[in-house]
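Before any comments, here is the structure.
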Protein chains: 2
Amino acid sequence: MKNTKKPILSCVEAPRVATDTVIFAVFDGCLKVLLIRIGKGEYDGCWALPGGLVRMDESLDEAAERVLSQKAGVEGIYLEQLAAFGDLNRDRRGRSVSVAYFALVRGEDHLLRTIEYYSGIEWKDVRNLPKLAFDHRKIVKLAEERLRNKLGYSNIAYGLMPKEFTLTELQSLYETILGNPLDKRNFRKKIKDIGLVTHTGNVRRTERSRPARLYSFTHRKPTMMDVL
Amino acid sequence: MKNTKKPILSCVEAPRVATDTVIFAVFDGCLKVLLIRIGKGEYDGCWALPGGLVRMDESLDEAAERVLSQKAGVEGIYLEQLAAFGDLNRDRRGRSVSVAYFALVRGEDHLLRTIEYYSGIEWKDVRNLPKLAFDHRKIVKLAEERLRNKLGYSNIAYGLMPKEFTLTELQSLYETILGNPLDKRNFRKKIKDIGLVTHTGNVRRTERSRPARLYSFTHRKPTMMDVL
DNA sequence: CCAAAAGTGTTTCCAATACACCCATGC
DNA sequence: GCATGGGTGTATTGGAAACACTTTTGG
């Protein structure tokens, strides 16, 4: 049902509502987060998550999608609400409440429009973050935890992998995010047993060694399953 | 660090920020939720979760605690953030964003000040809810799911149980919430193996049968563990 | 001694783990 | 033919699940 009443004009002190999104990608063997450099004001020189105020004509999810598209140039990717952050001192410029999201970008697409938009936009290694503004370090930490957990009981890895990939590449993604090595035979057995991936019929040929069979995710929608 | 700047006076259209809390208790063999009857306006006759606007001088968590205390008369109980809800049409009276919480009340305390405060405040069986205002049905559903999940991998049941209890009582709480029967011997073995509870040395004597040993939770702080 | 609920162990089964060698290709 | 990474199966173990009888009390 659509909201038919004219919204109330709020002329009293009230917290502002924003969204901030932790955008993950895996490449160069690292879990990366997309950050924007703040150029002036209270947090000059710090880095921050892409975010912005929520408008009157958009839901929280829509606001997060818009920010993703405007500031990071990505659309149609995996996006999920993380939590709301509303400590009094989270933003030194004034009272605000932020609804944090986390999003996943395929490693192959990590260059998409990021550098062109801002010069101050970069993928940073999660293990080695610069100084972050607001409470964004806390948000990234929570997002990282959530990502690691969900990897174990859902198929969200599809959000980080290209359409086609080898099982070795998939395993290496899991290892990068989880931070520990996995047994090759057990990994492949489990992945195949639960039908997480489907063989596409194609192979990738490399110089120097046996060609690898290519797979794609069986489901491209978020699905719960015991992956590991 | 304390917020030293004067907060910005927001004189533009902006979503209002509220909290709503799903307060659970288990008694009479049912999982119950505390609801408040709405007496007038758009949602006349509907029931709603206790909630209210977030003030400028309190964090989201503090706002939830205040509402809990003012509207439900309970303090110092288990409280955890659930998620933020911000669909455009969630409140027909105007644009709002609500940060939902879920809270746990010991069954023995379920009468605490509830009836006295409002006549329109009642514990309702989760399996048989009345018509709810706003998007509160969705919020209750999510909270229920979260409660069921957490029961399996944390000790939060302590928030629902009295100080001392028998293992049969604890099992019956699990069965009520999960909705299916559990094996007595396996349940007791697991509960004891992981050290979830500690024997207090006391027993409860009933007429008509063998006395039951009394236990209390080993930890009264939220702790992650494989309970079931 | 009877009714009522408390309390207690063992076996079975499945899923997670550990582990080592052969295969296909390019050079 | 050799170097490189791809691909496969089995034995072991540990935890989950199934399952029935004895104990203690009050009346």
Side-chain angles (χ1 to χ4, degrees), chain A residues 28-29 107 148-149 151-155 157 161-162 164-176 178-216 224-228, chain B residues 28-29 107 148-149 151-155 157 161-162 164-176 178-216 224-228:
Chain A
D28 298 344
R148 259 196 291 271
N149 287 336
L151 219 48
Y153 62 83
S154 82
N155 67 343
M161 295 293 288
E164 280 194 327
F165 49 87
T166 67
L167 291 183
T168 302
E169 286 164 355
L170 182 63
Q171 179 177 344
S172 135
L173 179 102
Y174 273 80
E175 289 174 332
T176 299
L178 299 175
N180 53 4
L182 298 171
D183 179 88
K184 183 159 61 158
R185 280 170 293 188
N186 293 336
F187 180 77
R188 292 161 104 98
K189 195 188 323 162
K190 194 68 193 285
I191 292 300
K192 286 181 178 172
D193 280 358
I194 62 174
L196 185 72
V197 297
T198 309
H199 181 31
T200 64
N202 303 330
V203 296
R204 167 169 311 150
R205 322 189 78 86
T206 65
E207 314 135 14
R208 188 175 309 278
S209 98
R210 175 175 178 175
R213 305 188 358 146
L214 289 169
Y215 294 80
S216 62
M224 293 297 169
M225 41 175 69
D226 275 335
V227 179
L228 294 184
Chain B
D28 298 344
R148 258 196 293 272
N149 287 336
L151 220 48
Y153 62 84
S154 81
N155 66 342
M161 294 293 289
E164 279 194 329
F165 49 86
T166 67
L167 291 184
T168 302
E169 286 164 354
L170 181 63
Q171 179 177 343
S172 134
L173 179 101
Y174 273 80
E175 290 173 333
T176 298
L178 298 176
N180 54 4
L182 298 171
D183 179 87
K184 182 159 64 158
R185 281 170 292 186
N186 292 336
F187 180 78
R188 294 160 104 97
K189 193 186 325 160
K190 193 68 194 283
I191 292 299
K192 286 181 179 172
D193 280 358
I194 62 173
L196 186 71
V197 298
T198 309
H199 181 31
T200 64
N202 303 330
V203 295
R204 166 167 314 150
R205 321 190 78 86
T206 65
E207 315 136 14
R208 184 175 314 273
S209 97
R210 174 174 179 174
R213 308 195 344 155
L214 290 169
Y215 293 80
S216 62
M224 294 298 169
M225 42 174 69
D226 275 334
V227 178
L228 293 184

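Proteins come first, then strands; the chains are lettered A, B, ... in the order of their sequence lines, and each starts at number 1.
- A close approach under 4.0 Å does not occur between any side-chain nitrogen or oxygen of B:S209 and OP1 or OP2 of D:dG26.
- Distance CG (A:D193) to C1' (D:dG9): 13 Å, rounded to an integer number of Å.
- D:dT10 atom C1' lies 11 Å from atom CG of A:N186, rounded to whole Å.
- When all heavy atoms are compared, the tightest approach of A:S154 to A:Y174 is O-OH, 4.4 Å.
- Here the P atom of nucleotide D:dA3 and the CD atom of A:E207 are 18 Å apart, to the nearest Å.
- When rounded to the nearest whole Å, the span between CG of B:L228 and P of D:dG15 equals 16 Å.
- In this structure, A:F165 has its ring center at least 6.0 angstrom away from the ring center of A:Y215.
- When heavy atoms are screened at a 4.0 angstrom cut-off, A:R205 is found touching the sugar-phosphate backbone but no base atom.
- Straight-line distance from the CZ atom of A:R213 to the P atom of D:dG7: 7 Å, rounded to whole Å.
- Contact between the side-chain N/O atoms of A:K189 and the OP1/OP2 oxygens of D:dG9 is not found at any separation under 4.0 Å.
- Within 4.0 Å of A:T166, counting heavy atoms only, lies no atom of the nucleic acid at all.
- Side-chain contact between B:Q171 and B:D183 is absent, with no heavy-atom pair separated by less than 4.5 Å.
- Along DNA chain C, the nucleotide nearest to A:K190 and the one nearest to A:R208 differ in position, and the one closer to the 5' end is contacted by A:K190.
- Once you apply a 4.0 Å limit to the heavy atoms of chain A, the touched nucleotides of DNA chain C run 5' to 3' over C:dA16 to C:dC27.
- Rounded to whole Å, atom P of D:dG7 lies 6 Å from atom CG of A:L167.
- One side chain, B:E164 or B:T200, offers a donor N or O that lies under 3.5 Å from an acceptor on the other.
- Between A:R204 and A:E169, at least one side-chain nitrogen of the basic residue sits less than 4.0 Å from a carboxylate oxygen of the acidic one, meeting the salt-bridge criterion.
- Between B:G29 and B:T176, the closest heavy-atom pair is O-CG2, 3.5 Å.
- Between B:K190 and B:V227, the shortest heavy-atom contact is CG-O, 3.1 Å.
- Side-chain proximity of B:D183 to D:dG6, D:dG9, D:dC19: nearest is D:dC19.
- Atom-to-atom, OH of A:Y215 to P of D:dG6 comes out at 12 Å; the value is rounded to the nearest Å.
- In this structure, B:K184 places its NZ atom 17 Å from C1' of D:dA17, rounding to the nearest Å.
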